[in-house]
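Structure first, then comments.
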2 protein chains.
Amino acid sequence: MQKASNGTRAGSRPDDQTGDRRGSRTVNRQVLADHVYEELLASLMDGRLEPGAAISIDGTARELDVSPTPVREALARLEHTGMVRRVALKGYRVAPVFTREDFAELMEARLVIEPVNARLACARLTPERLAELEQAVSDLKSAPRGPSFAEYKDYLEADERFHQLIAQQTGNQFMAAAYAALGGQVQRFRLFGGVGITDAEYAIAEHQSVLDAFSTGDPEKAEAAMADHVQKVRARAIADAPAD
Amino acid sequence: MQKASNGTRAGSRPDDQTGDRRGSRTVNRQVLADHVYEELLASLMDGRLEPGAAISIDGTARELDVSPTPVREALARLEHTGMVRRVALKGYRVAPVFTREDFAELMEARLVIEPVNARLACARLTPERLAELEQAVSDLKSAPRGPSFAEYKDYLEADERFHQLIAQQTGNQFMAAAYAALGGQVQRFRLFGGVGITDAEYAIAEHQSVLDAFSTGDPEKAEAAMADHVQKVRARAIADAPAD
DNA sequence: GCCGGGGCATCCCTATAGGATTTGATCATG
DNA sequence: CATGATCAAATCCTATAGGGATGCCCCGGC
């Protein structure tokens, strides 16, 4: 229908300093696919794209005012995260909703991987990393916890950051990859979407326990604290699970 | 490797003479990116693409007689497997070689994930799946083990199939994803590239032990057998590690 | 002989065009 | 009123074109 007066951008291509990411002298030419990727990820997380909805390549391209080529590349990357699914000649769709079985499987997997990560990370912890973990817990405590997405966004971000720091601190790229395969941040958003944060007090205390264990430098203690945390998260989530 | 069962939809596609004057590439009505993906994966595994080498998008497109667009999409998918790495505006390169540290990390991760997978899979094993596992071990025994890649290709394939079946049989999509994140087949090929199969006798016996444990239906036994296997694989690989 | 600059080729990245197919709506008919 | 067919719009997929940047090689000057 509307050609969306985009003739302007097509002509003046040379240097679009619109994106003021890094001000250095390096030509700030960020790949468009990266931008599309982040944009789609944000749309997926804050609910603008509901599970099961179709993601049109051309439509997304028009919406973001780019050509379909970068959109295609961004979706190809997103596919591997499990957020979107692709059917051969039909296009992309947002992954279906999380069922109770899915949740149980996720927690089972986290219970296998995360305590081990905590043990490994604790064994080779540096003061700098410990400070980062403390910062994450501090952010967790100070983050707002309102009912809407915008209000608990920071809380989830700090939560994810805490666990991801531990995964990276293991120094084992494969354990970090295994944790990443669980969908970390993404799954966290999907779990709490529509439910909100109801267990912040308990969760914060458990994170603090893990952090304390790290401070003592006892890997066994860190492993146990993390296992305890994951188990309790599962128990609480099951208790007030949404009726799906 | 070909999927010959595409006669339903793809076959109904008439009019294949769309100006194709060049070659015999009329078939393959499945998405070209899939074809490019498999082709690149094969090239990576049999050593045609050495670690560190650049993968030119345009060059690959010319070589496979397609346009750069499908190549770009295939590479975007490959990036997530860890096989290739991408630098923002520089292109793609084959991931660097495996160091001893990388290998140690991989084995540490496998030692965490695979025994658990074995326990979970054993707990819910069906006769059909058991038969598939037996078939994999049988193939492992009968596969040739020559020095060249073509000769031990089937051996590695059966090995990977055995472990992957177990990961899938857990019924936990996240554990399967975590195992997949380790690179399964891919890493296996890279490990033995240039070394060849030297421990087939021991490895086959260990696989048989795992299979026997599955037959008894004792999850603890299966877990122990798998842990034993992974540990011994590590020990043997360290013993005759290539001088990198 | 040695060194620096310009032309040339290559490459990545994005946009645009067009073929093939599916989906949805509109309209005609039993 | 219900149902089936036809047409148009949308969509996916691939190819092609062109802009910008980087690297290489040849060649002229010192």
Side-chain angles (χ1 to χ4, degrees), chain A residues 1-19 25-37 39 53-79 84-94, chain B residues 6 8-23 25-37 39 53-79 84-94:
Chain A
M1 292 287 191
Q2 65 280 21
K3 282 292 284 190
S5 64
N6 54 3
T8 65
R9 194 177 47 75
S12 65
R13 198 77 189 100
D15 54 344
D16 53 347
Q17 282 292 50
T18 60
R25 62 177 181 82
T26 57
V27 207
N28 180 17
R29 275 198 55 192
Q30 181 183 3
V31 183
L32 278 190
D34 293 339
H35 178 235
V36 175
Y37 183 92
E39 203 69 26
I55 304 177
S56 163
I57 294 176
D58 291 351
T60 304
R62 283 191 301 270
E63 191 173 340
L64 298 181
D65 198 22
V66 296
S67 80
T69 308
V71 176
R72 180 173 294 276
E73 185 172 336
L75 282 172
R77 291 188 221 166
L78 271 176
E79 184 190 1
V84 303
R85 298 189 187 285
R86 166 178 166 275
V87 183
L89 291 161
K90 302 272 294 180
Y92 290 87
R93 307 191 76 88
V94 183
Chain B
N6 55 1
T8 61
R9 181 172 297 279
S12 67
R13 208 77 61 89
D15 192 48
D16 267 343
Q17 82 284 6
T18 64
D20 187 358
R21 66 185 66 84
R22 185 163 306 174
R25 176 166 298 287
T26 69
V27 68
N28 265 345
R29 268 322 190 183
Q30 64 178 358
V31 184
L32 278 189
D34 293 338
H35 177 232
V36 175
Y37 183 91
E39 203 70 27
I55 304 178
S56 162
I57 294 177
D58 292 351
T60 304
R62 283 193 301 270
E63 191 174 340
L64 298 180
D65 201 20
V66 296
S67 80
T69 308
V71 177
R72 180 173 294 276
E73 184 172 337
L75 283 172
R77 290 187 221 165
L78 271 176
E79 184 189 2
V84 303
R85 299 190 186 284
R86 164 177 166 277
V87 182
L89 290 159
K90 301 279 293 182
Y92 290 87
R93 308 191 75 87
V94 182

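Chain A is the first sequence line, chain B the second, and so forth, proteins listed ahead of strands; every chain is numbered from 1.
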Applying side chain to side chain contact (heavy atoms under 4.5 Å, CB included) to A/Glu63 and not counting sequence neighbours gives none

Worksheet item: OP1 or OP2 of D/dC12 sitting under 4.0 Å from any side-chain N/O of A/Arg72?
Response: no

Residues at least two apart in sequence or cross-chain that pass side chain to side chain contact (heavy atoms under 4.5 Å, CB included) with B/Arg93, listed by chain then number, are B/Ala54

When rounded to whole Å, the CD to P distance for the pair A/Glu73 and D/dC13 reads 15 Å

Taking C/dT23, C/dC13, D/dT11 as options, the one with an atom nearest any side-chain atom of B/Leu89 is C/dC13

Identify the pairs formed between an N or O of the protein and an N or O of nucleotides 15-18 of chain D at a distance under 3.5 Å, and give each distance.
residue : atom : partner : partner atom : Å
D/dA15  : OP2  : B/Ser67 : N            : 2.5
D/dA15  : OP2  : B/Ser67 : OG           : 2.6
D/dA15  : N7   : B/Thr69 : OG1          : 3.4

Rounded to whole Å, the CD-P distance (A/Glu63 to D/dA10) equals 15 Å

Against the side chain of B/Val31, the closest entry in D/dC13, C/dC11, C/dC12 is D/dC13

B/Glu73 meets the side chain to side chain donor-acceptor pair (under 3.5 Å) criterion, sequence neighbours left out, with A/Arg72, B/Arg77

Practice problem: Please report the C-alpha distance between B/Val31 and A/Arg86 in whole Å, then the side-chain angles of each, then the deciding distance to 0.1 Å, and finally whether the side chain to side chain contact (heavy atoms under 4.5 Å, CB included) criterion is met. | Solution: CA-CA 12 Å; B/Val31 184; A/Arg86 166 178 166 275; 3.8 Å; yes

When rounded to whole Å, the CZ to P distance for the pair A/Arg93 and C/dT23 reads 10 Å

- Message: Students often get this wrong, so: under 4.0 angstrom with heavy atoms, is B/Arg86 touching a base, only sugar-phosphate, or nothing?
- Response: nothing

Just to be sure I understand the rule, does A/Leu75 reach a base, reach only the sugar-phosphate, or reach nothing, if contact means heavy atoms closer than 4.0 Å? nothing

Nearest heavy-atom approach of B/Leu75 to B/Val84 is O-CG2, 4.2 Å

query = Using a cut-off of less than 4.0 Å, is there contact between a side-chain N or O of A/Ser56 and OP1 or OP2 of D/dA10?
reply = no

Closest non-hydrogen atoms of A/Val36 and A/Ala74, given as atom of the first, atom of the second and distance, are CG1-CB, 3.7 Å

Across all chains, not counting sequence neighbours, the side chain to side chain contact (heavy atoms under 4.5 Å, CB included) partners of A/Ser56 are A/Asp58

For B/Lys90 and D/dG23, is the shortest distance between a side-chain N/O and OP1 or OP2 below 4.0 Å?
yes

Here the distance between atom P of D/dC12 and atom CD1 of A/Ile55, to the nearest Å, is 10 Å

Rounded to whole Å, CZ of B/Arg62 lies from P of C/dT10 at a distance of 7 Å

Rounded to whole Å, CG of B/Asp34 lies from C1' of D/dT14 at a distance of 14 Å

B/Tyr37 atom OH is separated from D/dC13 atom P, nearest whole Å, by 17 Å

